[in-house]
Amino acid sequence: MTSDLVSKEISAEEAAELIQDGEVLGVSGFTLAGYPKAVPTALAKRAERLHANGKPFQITLFSGASTGDECDGALARAKAIKWRAPYQSNPDLRSAINRGEIFYTDAHLGIMGHLVRTGSLPRPTTAIIEASDVTSDGKIRFTTSCGNSVEYLRMADRIIVELNSIYGDALCGIHDCYLPELPPYTHPIPVVNVLDRGGKDYVQVDPKKIVAIVRTNQGDTIRPFTEPDAVSKNIGGQILEFLAHERKKGRLPAGLPYQSGVGNVANAVLTAMARDSLQEPVSLFTEVIQEAVFELIKADKLVGASGTALTCSADAREYFKQNAATLQKKFVLRSQEVSNHPEVIRRLGVISMNTALECDIFGNVNSSHVCGSSIMNGIGGSADFSRNCLLGFFMAPSTAKNGAISTIVPFVTHLDHSDHETHIFVTEQGLADLRGLDPVSRAHKIIENCAHPDYRQQLNDFLDYSMRSSKGKHIPFALDRAFNMHLDFLEKGTMKE
């Protein structure tokens with residue numbers, strides 16, 4: 001590191017002192033990957049000291065998606081966050097939001113960077129970015145995520161770099177820091193294959209904006225990959241069987257890339273692909289490249305994976321470092337304005353697979369809220385893909401809370417994805433292909449194929465009652481009974497009659 005950069009090296013505590021009450025912080029990180037760790041932790045401790053002395057201190061926190069406990073959790077517990085966007089998954093932050101203590105904007109992830117660039121949201125005053133490399137002329141290379149870091153670096157007045165050495169040079173060259181034009185577009189995004197690139201593997205900034213460099217050697221807080229449970233394996237197997245059937249019928253071209261959401265069910269699909277002897281090599285065009293991708297690599301079934309983040313537990317990180325020369329050619333990490341862009345998703349013909357909290361019998365999906373009012377995580381990027389994919393799956397176990405909750409309900413309590421954009425529902429009970437069906441036919445198929453047997457009669461009773469009592473018969477919907485199952489759960493702790 002050159003002398004001018006060495007002079008900017010300070011401790012995390014000293015960097016935290018540079019941040020003032022009321023600032024807008026744009027931080028790196030996307031779904032627990034590549035987020036700053038040392039400076040937010042130090043900032044939380046500073047906020048606690050200031051609060052103890054009766055002084056105000058709160059910031060606005062923008063990111064790519066969720067960050068780890070060292071950032072979201074620490075700052076939430078310190079009551080240092082006033083406004084958070086566009087996504088979160090930390091229990092302490094979630095609780096504060098649901099208590100009304102933190103303003104939270106749940107946004108489509110593909111549009112967040114655009115909103116900041118166009119001034120629809122405040123631009124960051126300070127960017128705090130985890131990097132694997134920074135040069136004296138202002139070249140910054142990221143770690144395990146791209147997210148909205150390019151936008152925040154360009155828009156912020158000041159930059160604090162967390163220079164994380166834990167990956168060494170293993171991530172060298174896997175980033176593509178290209179941003180699409182702002183409207184009106186004059187050039188298409190130059191991605192026609194999963195591994196195509198349109199930009200550099202670094203972001204060029206004015207080196208004068210870099211006010212601090214904090215050295216770290218700390219991995220992302222990612223849980224190790226675990227063997228999928230029986231329910232997840234069942235769902236994954238059904239999806240693969242359906243895809244094979246569609247190809248056999250000539251309705252689905254071979255070689256289309258997949259988008260896989262976050263969680264056990266999504267991991268199970270990738271694992272099933274890796275272990276299926278008949279599965280051809282696959283490509284991923286997704287948001288988060290989950291650790292299950294290494295199962296595909298070890299089975300020699302990955303053509304390439306494009307995303308905006310790579311989630312690696314400690315074991316996966318060591319595997320990546322040991323095989324970096326080969327793996328660097330298999331991955332591209334992009335800005336989420338590109339990974340989630342409708343233009344590219346539609347062009348590539350992405351097959352989309354996302355997890356739902358609940359689905360209703362008419363085909364609507366709730367991805368984000370429990371009983372209509374309490375945020376779980378957020379809509380994330382699921383709608384970016386579900387609205388633009390060639391073929392889309394929404395997956396969920398048929399029950400939750402040891403059977404006390406049915407994930408198939410008469411009507412969702414919060415609507416993230418309407419029946420106009422949902423194609424196929426899958427639970428461990430079965431698969432419902434909803435394409436081309438009218439609302440009543442959808443309802444019958446979802447209840448018969450996807451609902452748990454313990455709840456089918458209740459759902460059929462609701463549908464029958466609605467058919468009799470609703471004024472309109474196109475979507476027979478009984479307003480007076482639509483949320484009885486949810487109300488029963490809130491009152492009795494179970495949706496069962």
Side-chain angles (χ1 to χ4, degrees), residues 5 8 15 18-19 23-30 33-36 39-40 59-65 67 71 83 85-87 105 107-164 171 174-187 189-191 197-214 308-309 332-341 344:
L5 289 182
K8 295 180 179 182
L18 300 175
I19 299 168
E23 283 209 50
V24 179
L25 304 185
V27 303
S28 61
F30 193 102
Y35 58 93
V39 175
I59 50 88
T60 290
L61 185 63
F62 292 164
S63 62
T67 69
C71 186
W83 178 18
Y87 188 82
T105 301
H108 297 296
L109 298 185
I111 199 67
M112 178 69 185
H114 173 90
L115 295 175
V116 173
R117 284 206 285 161
T118 56
S120 301
L121 292 177
R123 65 178 178 82
T125 51
T126 300
I128 308 176
I129 306 296
E130 184 178 88
S132 62
D133 185 40
V134 57
T135 64
S136 59
D137 61 347
K139 292 182 177 64
I140 296 176
R141 291 177 171 85
F142 303 136
T143 57
T144 49
S145 73
C146 207
N148 285 321
S149 297
V150 180
E151 293 92 327
Y152 298 154
L153 284 171
R154 291 182 178 177
M155 299 294 292
D157 298 322
R158 303 178 304 171
I159 298 168
I160 297 173
V161 177
E162 281 202 11
L163 188 57
N164 195 337
L171 300 172
I174 74 168
H175 302 91
D176 180 33
C177 299
Y178 170 89
L179 288 182
E181 294 177 308
L182 294 175
Y185 301 105
T186 58
H187 297 92
I189 295 173
V191 177
R197 297 167 177 268
K200 306 291 188 181
D201 71 338
Y202 59 85
V203 182
Q204 181 69 59
V205 303
D206 181 351
K208 294 178 182 178
K209 293 206 306 182
I210 302 175
V211 297
I213 297 173
V214 177
T308 194
V332 177
L333 295 186
R334 312 179 186 280
S335 295
Q336 64 197 70
E337 279 197 66
V338 178
S339 69
N340 291 40
H341 201 287
V344 186

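Any value given below was found using the heavy atoms of this structure, including those in side chains, with hydrogens, waters and symmetry copies removed.
- Side chains of Ser28 and Pro36 form a contact here, defined as non-hydrogen atoms less than 4.5 Å apart.
- Here the side chains of His114 and Pro183 are in contact, with some heavy-atom distance below 4.5 Å.
- Looking only at side-chain heavy atoms (C-beta outward), Arg334 and Val191 come within less than 4.5 Å of each other.
- If you check the side chains of Glu151 and Ser335, you find no donor sitting under 3.5 Å from an acceptor.
- Checking each of Val39, Leu25, Val211, Leu18 against Thr126 for a side-chain contact (heavy atoms from CB on, under 4.5 Å) leaves exactly one that passes, namely Leu25.
- Remark: Asp133 engages Thr135, Arg141 in a side-chain contact (heavy atoms from CB on, under 4.5 Å) (not counting sequence neighbours).
- By the 4.5 Å heavy-atom criterion applied to side chains, Ile19 and Ile160 are counted as neighbours.
- Between Val161 and Lys8, the closest side-chain pair of non-hydrogen atoms is not below 4.5 Å.
- Under the 4.5 Å side-chain criterion, counting only non-hydrogen atoms from C-beta, Arg158 is not in contact with Thr125.
- Listed by chain and number, the residues in a side-chain contact (heavy atoms from CB on, under 4.5 Å) with Pro122 are Val24, Phe62, Trp83 (sequence neighbours excluded).
- Looking only at side-chain heavy atoms (C-beta outward), Tyr87 and Leu109 come within less than 4.5 Å of each other.
- Every residue meeting the side-chain contact (heavy atoms from CB on, under 4.5 Å) condition with Lys209, not counting sequence neighbours, appears here in chain and number order: Ile159, Asp206.
- Side-chain atoms of Leu121 and Met112, non-hydrogen and from C-beta on, do get closer than 4.5 Å to each other.
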